[in-house]
Each structure stands twice: as C-alpha cells, then as structure tokens.
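The structure appears below as structure tokens.
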Amino acid sequence: MSKIMSVCVYCGSSNDVEPGYILLAKELGRKLAENGIRMVYGGGGVGLMGACAAAANDAGGDVLGIIPRFLLQKEQIFEAVEHRIVEDMHTRKQMMFDESDAFIVLPGGIGTLEEAVEILSWARLSLHAKPMAFLDEDGFWDPFFELMDHIIDGKFTPENFRALLIHADTPEMAITALKDNAVMLG
Ligand code: AMP
C-alpha cells in the first residue's frame, strides 16, 4: 500500500497577501508535523513558504528546503531547517518531485501555478502516480478548477483526469484526500 511520508508544498512567496493565507499556510505546516509527514518545499523564508515551513519546524516536523543559489537572498533561505542549495530551477523542481510522495498546492502566484501544472502534466503523461491536492479556504483555486472543467469538457484532456484534481478546504481534508488517492493510484 502507498504511504505518504513526504509532501511537497507549492505556495506563494509574496508577503503582501491577506493574513488569512499566511494563517492557512501555518496551519498546514502544523498539521503535516502532527501527522508525521515531512514537508518538502522551495527553501525560502518569505510568504506562505516561510510561514508553512516555520510552523512545521516549530511543531517538531521534518522540513527539507531546496533552493537555487541565485534565490538565496531574494527568497531569504530558511536556514533553521535541512536545506539543499542547487544551481538552477530545473534541479530544484526535479529534486522537490523526487523527494515527495504527494503534493499540496496552497494559494500562490505564477511560480506556484507553474510548478503545480508541470507536475499535473507529468501525471497526464503517466510519468508518475503521485497525488496532488489544491488547498484553500476561500475558493482561491476555483478559477483553476473552472479552467480544468473547460479543458476536459472540450475533450482536450480525458474525463478520468478529473479524479486527479482534488480541491480541499482544510489541511486535514487535503492530507486525508492525498492518502485516499495514493491508495487508488498506487
Ligand atoms: P510564486 O507563486 O510566484 O510566489 O512563486 C512560488 C515559488 O515558485 C517561488 O519559490 C519561486 O521561486 C518558484 N518558482 C517560480 N517559477 C518557477 C519555475 N518555473 N519552476 C519552479 N519553481 C518556480
């Protein structure tokens, strides 16, 4: 049976967002730690990334940050947790994928979207069967799910892809859904 030991969290690096998003990131970090799940992420100390990692670390969870050298200052590497410094974005993304059994996508910007969509595109090509959940409390990701419905309704992506698209509104629900989908996909 598939087991979820490490979850990669994709999320925004902006500090300027509504406080509720930062609180959700902290809650997710705590829940991952409580569930004994290692958090893998982009290594920064800013925005939702830093909030989630600090909360997981404070709650006694394992955290692995992976950051490219050129972003060390811009994304303010969070040195309190295990981290790896890599040379480019591709290496970072591949390593985050390799180190994880599943993915949670918190609210974020273009970087978050790019990372999530690339992992979904690899699933579409059957390159992996690792589950992904989008997590928000306020419908932040609703437009993305509408776009995916539009794409699937147009038969550009097969109907069975819908089962891979999990939308959760609490960290607990996201973690449970990932475990259920890991069994289904595994
Ligand atoms: P953002 O959602 O734009 O705040 O970005 C969130 C994180 O995604 C940041 O750590 C960015 O460095 C990272 N990121 C941005 N573009 C890419 C990309 N093409 N591949 C992987 N990560 C990215």
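Atoms within a ligand are numbered from 1 in the order they appear, just like the ligands themselves. Side-chain atoms are counted along with the backbone in the values below, which use heavy atoms only and exclude waters and symmetry mates.
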Which option, [options], owns the non-hydrogen atom nearest [atom]?
atom	options	value
atom 13 (C) of ligand 1	Arg92, His90, Glu114	Arg92
atom 15 (C) of ligand 1	Ala116, Gly47, Gly111, Cys11	Gly111
atom 17 (C) of ligand 1	Lys74, Met49, Met89	Met89

May I ask you to test the [X]-[Y] pair for a side-chain heavy-atom distance under 4.5 Å?
X	Y	answer
Asp101	Lys3	no
Glu27	Glu137	yes
Val86	Arg69	no

- Task: Look at the side-chain heavy atoms of Ile, Leu, Val, Met, Phe, Trp and Tyr, link any pair under 4.5 Å apart, and say whether Leu48 and Ile77 land in one connected group.
- Result: no

Numbered atoms of ligand 1 (with element) below 4.0 Å of [X], judged on heavy atoms:
X	answer
Glu75	9 (C), 10 (O), 11 (C), 12 (O)
Gly12	2 (O), 4 (O)
Ser13	1 (P), 4 (O), 5 (O)
Thr112	1 (P), 2 (O), 5 (O), 6 (C)
Leu71	12 (O)

- Query: Within a reach of under 6.0 Å around CD of Gln94, are more than 12 heavy atoms found that belong to other residues, nucleotides or ligands?
  - Reply: yes

- Sole candidate of Glu87, Glu99, Glu75 that passes salt bridge (charged side-chain N to carboxylate O under 4.0 Å, His left out) when paired with Arg92: Glu75

- Query: Any nitrogen or oxygen of Gly109, main chain or side chain, under 3.5 Å from a nitrogen or oxygen of ligand 1?
  - Reply: yes

- Query: Parallel, tilted or perpendicular: which describes the rings of Phe103 and His128, with under 30° parallel and over 60° perpendicular?
  - Reply: perpendicular

- For atom 8 (O) of ligand 1, grab the closest protein heavy atom and report residue, atom and distance to one decimal in Å. Glu115 OE1, 3.2 Å

